[in-house]
2 protein chains.
Amino acid sequence: MNYLNLYQNQPKYNVAVDCIVFGYENDELKLLLYPRHLPPSQGEWSLMGGFVQEDESMEETTIRVLKQSVGLENIFMEQVHAFSKPERDPGARVICMAFYALIRLDQHDKDLVDSYGAKWFPISNLPKLIFDHDDMVKLALEKLQQTASYKLIGKELLPEQFTLTQLHNLYNTIFQRKFDAGNFRKKLSSLNLLQRLTIKDTGSSKRGAYYYMFKEQSEDLIIERIVKV
Amino acid sequence: MNYLNLYQNQPKYNVAVDCIVFGYENDELKLLLYPRHLPPSQGEWSLMGGFVQEDESMEETTIRVLKQSVGLENIFMEQVHAFSKPERDPGARVICMAFYALIRLDQHDKDLVDSYGAKWFPISNLPKLIFDHDDMVKLALEKLQQTASYKLIGKELLPEQFTLTQLHNLYNTIFQRKFDAGNFRKKLSSLNLLQRLTIKDTGSSKRGAYYYMFKEQSEDLIIERIVKV
DNA sequence: GCAAAAGTGTTACCGGTACACCCATGT
DNA sequence: ACATGGGTGTACCGGTAACACTTTTGC
């Protein structure tokens with residue numbers, strides 16, 4: 001029996017993903033935004049998105065879109081929330097899944113990003129976005145905080161080698177508050193997820209700060225609590 | 001300008017929601033399952049679902065489906081995860097959002113549920129489900145635990161008036177472990193979300209246990225932590 | 001020597017946990 | 001009187017927060 005037309009009396013919709021791409025640079029969390037190249041709202045800032053193709057899951061769509069927009073693969077990403085109000089996109093009915101992604105700014109393909117006219121904005125100073133993209137960003141940031149509170153993120157945003165101060169600043173930025181520096185580094189060392197190197201970064205202090213790297217298993221380890229939310 | 005056909009070269013899909021309906025009875029968390037009335041996998045157990053209609057968001061679809069299947073409105077529900085693998089439903093490509101919902105077993109329309117041949121199963125003893133519905137249930141339970149850890153749930157699952165022992169049992173059941181009874185009730189009283197009544201339940205003990213009710217504001221209050229996850 | 005960032009140490013406090021113990025009452 | 005679930009009290013332990021203090025080095 002052929003089931004192909006089983007649900008054919010049911011309505012069908014365009015289904016898309018939108019990517020909330022976070023990067024980190026100069027102690028700032030940044031978001032990658034694109035000038036929309038289609039009406040409606042042509043030219044206004046928006047998230048990069050893409051339609052789900054026949055042979056793709058939404059996750060695969062996101063991987064493809066990220067590859068096409070920042071030139072990277074193997075990106076850390078998570079579903080944020082589905083947006084499905086009938087009138088959310090004035091162009092047509094589009095049901096959209098928001099994904100957030102973490103990338104290393106030093107690795108991405110700058111020329112590719114430029115070719116779209118895309119720009120990195122500090123999350124503290126975002127322009128008005130089209131449609132419901134503001135909501136997507138808000139929820140993505142909350143989800144990122146949620147995740148960062150029980151999973152050590154940083155591997156995805158920091159360079160291969162980094163100082164504890166950089167990681168501390170990253171957490172400060174993500175949560176938009178100041179964690180105590182001493183307590184933060186004690187917590188980190190108790191987690192035993194980082195490997196201290198013998199070389200130091202002397203860029204931001206005279207004394208120099210040891211570089212650290214993530215240990216192998218640190219990848220997807222769930223910790224009870226890194227910081228209080 | 002008319003944008004209606006703007007994305008017309010993009011593929012379209014059936015979009016559905018599936019409902020993980022939790023109820024609570026006899027110190028057990030239960031899940032409402034339906035015998036599937038369509039091929040493929042006709043007759044096997046499945047979640048209740050429905051296709052998203054032209055004028056509906058996914059949330060509205062879920063509300064409609066719940067109204068039609070258990071006869072209740074104003075149900076607590078949350079998005080769990082989107083499932084979108086191309087081959088997940090052998091009948092046709094269907095992109096599906098899983099929602100979990102909490103209902104009071106004493107309030108739902110039993111005749112309506114019976115008319116579908118649906119049954120309540122304790123979550124500790126579920127039959128094999130169709131497609132990826134097992135995954136949906138698993139993720140829904142994790143999401144429920146997540147939510148229950150920082151938000152007092154119970155209003156949605158327990159009768160209007162309930163004893164602390166009942167609430168304690170509910171949390172034990174949701175997390176499938178034994179919280180210390182004394183500590184649990186101390187935590188609850190410190191949160192100050194419950195109103196003790198003057199009447200007692202003498203059903204399960206000679207001494208009798210005070211009934212409690214949720215205070216007004218307790219609804220969507222976020223607490224730092226009710227129980228450790 | 002001094003400024004500035006890196007890194008360590010000290011202490012007080014609060015919340016979670018374990019568990020002992022008392023209470024009320026129907027049988 | 002005693003068994004049973006309801007309910008309270010207490011003592012310990014570990015994590016967190018606040019903050020003082022030391023180290024290193026370039027200027």
Side-chain angles (χ1 to χ4, degrees), chain A residues 26-27 145 148-150 152 154 158-159 161-173 175-213 222-229, chain B residues 26-27 145 148-150 152 154 158-159 161-173 175-213 222-229:
Chain A
N26 302 132
D27 295 344
Q145 290 179 349
S149 71
Y150 61 80
L152 184 58
L158 295 171
Q161 301 173 1
F162 54 90
T163 65
L164 285 187
T165 305
Q166 285 176 276
L167 187 58
H168 176 219
N169 284 333
L170 172 60
Y171 266 76
N172 282 342
T173 307
F175 288 91
Q176 305 190 75
R177 48 189 269 218
K178 295 278 180 198
F179 295 106
D180 180 275
N183 296 333
F184 185 83
R185 71 174 48 233
K186 259 175 293 179
K187 180 70 184 180
L188 262 293
S189 79
S190 81
L191 291 177
N192 200 29
L193 296 175
L194 300 179
Q195 174 69 50
R196 195 175 83 173
L197 307 182
T198 48
I199 50 172
K200 288 188 166 193
D201 164 51
T202 49
S204 64
S205 86
K206 343 251 171 164
R207 179 177 174 180
Y210 281 109
Y211 278 118
Y212 284 77
M213 286 181 65
I222 304 296
I223 294 109
E224 198 223 302
R225 183 153 72 178
I226 296 178
V227 294
K228 273 201 195 182
V229 193
Chain B
N26 300 132
D27 296 345
Q145 291 179 347
S149 70
Y150 60 80
L152 185 58
L158 295 171
Q161 302 175 1
F162 54 89
T163 65
L164 286 186
T165 306
Q166 284 177 276
L167 187 57
H168 175 219
N169 283 334
L170 172 60
Y171 266 76
N172 283 342
T173 306
F175 288 90
Q176 304 187 73
R177 48 189 268 218
K178 293 280 179 195
F179 296 105
D180 181 278
N183 296 334
F184 185 84
R185 74 174 46 232
K186 258 176 290 176
K187 180 69 184 181
L188 262 292
S189 80
S190 81
L191 291 176
N192 200 28
L193 296 175
L194 299 180
Q195 174 69 50
R196 195 175 82 173
L197 307 183
T198 47
I199 48 171
K200 288 189 167 192
D201 164 50
T202 48
S204 64
S205 85
K206 345 251 167 163
R207 178 177 174 180
Y210 281 109
Y211 278 117
Y212 284 77
M213 286 181 66
I222 304 295
I223 295 110
E224 197 224 304
R225 184 152 75 179
I226 297 178
V227 294
K228 275 202 195 181
V229 191

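First the proteins, then the strands, lettered A, B, ... as listed; each starts at 1.
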Quick check for you: to the nearest 0.5 Å, what is the distance between [X] atom [atom1] and [Y] atom [atom2]?
{"X": "A/R185", "Y": "A/T163", "atom1": "CZ", "atom2": "OG1", "value": "8.0 Å"}
{"X": "B/L188", "Y": "B/L152", "atom1": "CG", "atom2": "CG", "value": "6.0 Å"}
{"X": "B/H168", "Y": "B/L170", "atom1": "NE2", "atom2": "CG", "value": "10.5 Å"}
{"X": "A/M213", "Y": "A/L193", "atom1": "CE", "atom2": "CG", "value": "14.0 Å"}
{"X": "A/F184", "Y": "A/L167", "atom1": "CZ", "atom2": "CG", "value": "4.0 Å"}
{"X": "B/L197", "Y": "B/F162", "atom1": "CG", "atom2": "CZ", "value": "8.5 Å"}

Residue closer to the 5' end of DNA chain D, A/G208 versus B/D201 (nearest nucleotide): B/D201
Any residue meeting side-chain hydrogen bond (donor to acceptor under 3.5 Å, both in side chains) with B/N26, in chain and number order, not counting sequence neighbours: none
Please write out each protein N/O paired with an N/O of nucleotides 2-4 of chain C under 3.5 Å, distance rounded to 0.1 Å.
none

Sugar-phosphate only, base, or nothing, as touched by B/K186 at under 4.0 Å among non-hydrogen atoms: base
Sugar-phosphate only, base, or nothing, as touched by A/T165 at under 4.0 Å among non-hydrogen atoms: sugar-phosphate
A/F179: ring pair (Phe, Tyr, Trp, His ring centres under 6.0 Å) partners, not counting sequence neighbours: A/F175
Length of the line joining [X]:[atom1] and [N]:[atom2], which is rounded to integer Å:
{"X": "A/Q166", "N": "C/dA6", "atom1": "CD", "atom2": "C1'", "value": "13 Å"}
{"X": "A/Y212", "N": "C/dA6", "atom1": "OH", "atom2": "P", "value": "12 Å"}
{"X": "A/K200", "N": "C/dA5", "atom1": "NZ", "atom2": "P", "value": "15 Å"}

Residue pairs involving residues 193-210 of chain A (criterion side-chain hydrogen bond (donor to acceptor under 3.5 Å, both in side chains); sequence neighbours excluded): A/D201-A/Y211
Residues touching DNA chain D, which here means a heavy atom under 4.0 Å, drawn from residues 176-185 of chain B: B/G182, B/R185
DNA chain D: 5'-most and 3'-most nucleotides touching chain B, 4.0 angstrom heavy-atom criterion: D/dT4 to D/dT10
Given DNA chain C, 5'-ward residue of the pair A/T163 and B/S205, judged by closest heavy atom: A/T163
Side-chain touch B/Y171/B/V227, heavy atoms, less than 4.5 angstrom: yes
